[in-house]
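Below you'll find the structure, written out as structure tokens, and then a few comments.
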Amino acid sequence: MTEWNTLSTYWGGAVSAVGLAERIADMHAGRGDGPSLLGEFRRTTVLAPTVGDGFWTAGSGGVRWVFVFTGEESFSRFAKARAADRPDGGWDYLTVHGARLLDAVIPALDLPAGVVVTMVRVPLK
């Protein structure tokens with residue numbers, strides 16, 4: 001992996017993206033602002049699961065989606081649900097800034113692509 005990422009195995013950790021999660025919740029509640037949400041994502045460090053030497057992705061409708069998580073709670077739920085996919089139960093991941101995903105990773109895929117953000121739970125206002 002490249003020098004701007006940190007490769008780790010998830011056993012717990014302290015990545016927090018409360019601001020991003022709140023902006024996502026605002027969008028779902030009809031109070032959101034798209035440019036603010038995008039700006040918050042660009043400034044946020046997220047957890048991106050890896051498979052082999054790449055990000056964990058899935059295709060749907062001709063689009064390749066990169067999955068990221070805003071915090072340890074959502075990543076832990078994912079890791080537990082997908083534990084059977086890993087013999088040791090652990091998932092490798094990168095911590096990466098949203099801006100790097102949007103500016104370097106997505107364009108490098110050289111096909112229609114996007115980011116799926118699985119947010120932590122935040123109370124709706």
Side-chain angles (χ1 to χ4, degrees):
M1 299 287 172
T2 58
E3 69 280 350
W4 44 265
N5 294 312
T6 303
L7 180 62
S8 304
T9 299
Y10 182 76
W11 301 110
V15 171
S16 177
V18 174
L20 177 61
E22 288 174 349
R23 291 204 188 269
I24 292 170
D26 286 345
M27 289 295 287
H28 284 281
R31 299 185 302 267
D33 173 53
S36 294
L37 175 59
L38 179 60
E40 192 69 33
F41 179 75
R42 293 181 66 79
R43 289 184 295 275
T44 300
T45 300
V46 293
L47 301 173
T50 59
V51 176
D53 63 352
F55 290 102
W56 181 61
T57 66
S60 178
V63 177
R64 177 59 51 185
W65 296 100
V66 177
F67 293 88
V68 301
F69 297 85
T70 58
E72 62 184 56
E73 179 186 340
S74 61
F75 194 84
S76 177
R77 285 192 311 267
F78 160 80
K80 287 176 185 172
R82 302 292 300 248
D85 295 345
R86 298 289 194 205
D88 64 0
W91 275 84
D92 291 334
Y93 69 93
L94 297 172
T95 55
V96 60
H97 284 281
R100 183 54 105 180
L101 282 170
L102 297 177
D103 297 343
V105 174
I106 297 299
L109 293 175
D110 202 27
L111 55 107
V115 178
V116 176
V117 179
T118 303
M119 64 182 237
V120 296
R121 291 179 187 238
V122 293
L124 295 177
K125 298 174 186 170

Euclidean distance, [Y] [atom2] relative to [X] [atom1], rounded to 0.5 Å:
X      : Y     : atom1 : atom2 : answer
Phe41  : Thr70 : CZ    : OG1   : 10.0 Å
Leu109 : Trp65 : CG    : CH2   : 12.0 Å
Thr45  : Leu94 : OG1   : CG    : 12.0 Å

Heavy atoms only: give me the nearest [X]-[Y] pair and the separation to one decimal.
X      : Y     : result
Ala48  : Val68 : CB-CG1, 4.0 Å
Thr50  : Tyr93 : OG1-N, 3.8 Å
Ala113 : Val63 : CA-CG1, 3.8 Å

Check: Who passes salt bridge (Lys or Arg N to Asp or Glu O under 4.0 Å) against Arg64, sequence neighbours left out?
Finding: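 Once residues adjacent in sequence are excluded, Arg64 has no partner under the salt bridge (Lys or Arg N to Asp or Glu O under 4.0 Å) criterion.
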Check: Does the side chain of Val117 come within less than 4.5 Å of Leu20's, by heavy atoms?
Finding: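 A side-chain contact under 4.5 Å exists here.
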Next item on the list: Dump the intermediate steps for side-chain contact (heavy atoms from CB on, under 4.5 Å) on Val46 and Val115, then the final yes or no.
Entry: CA-CA 11 Å; Val46 293; Val115 178; over 6 Å; no
Next item on the list: Return yes if some donor-acceptor pair links the side-chain N/O of Ser74 with the main-chain N/O of Thr118 below 3.5 Å, else return no.
Entry: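 Yes, the answer is positive, given that a donor and an acceptor are paired below the 3.5 Å cut-off.
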Next item on the list: Can you run down the side chain to side chain donor-acceptor pair (under 3.5 Å) pairs that involve residues 101-112, sequence neighbours left out, and say none if there aren't any?
Entry: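 Of all non-adjacent pairs touching residues 101-112, those that pass side chain to side chain donor-acceptor pair (under 3.5 Å) are Arg42-Asp103.
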Notebook entry, point to check: How are the rings of Phe75 and Phe69 set relative to one another: parallel (under 30°), tilted (30 to 60°) or perpendicular (over 60°)?
Noted result: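 The arrangement is perpendicular - the two ring planes meet at more than 60°.
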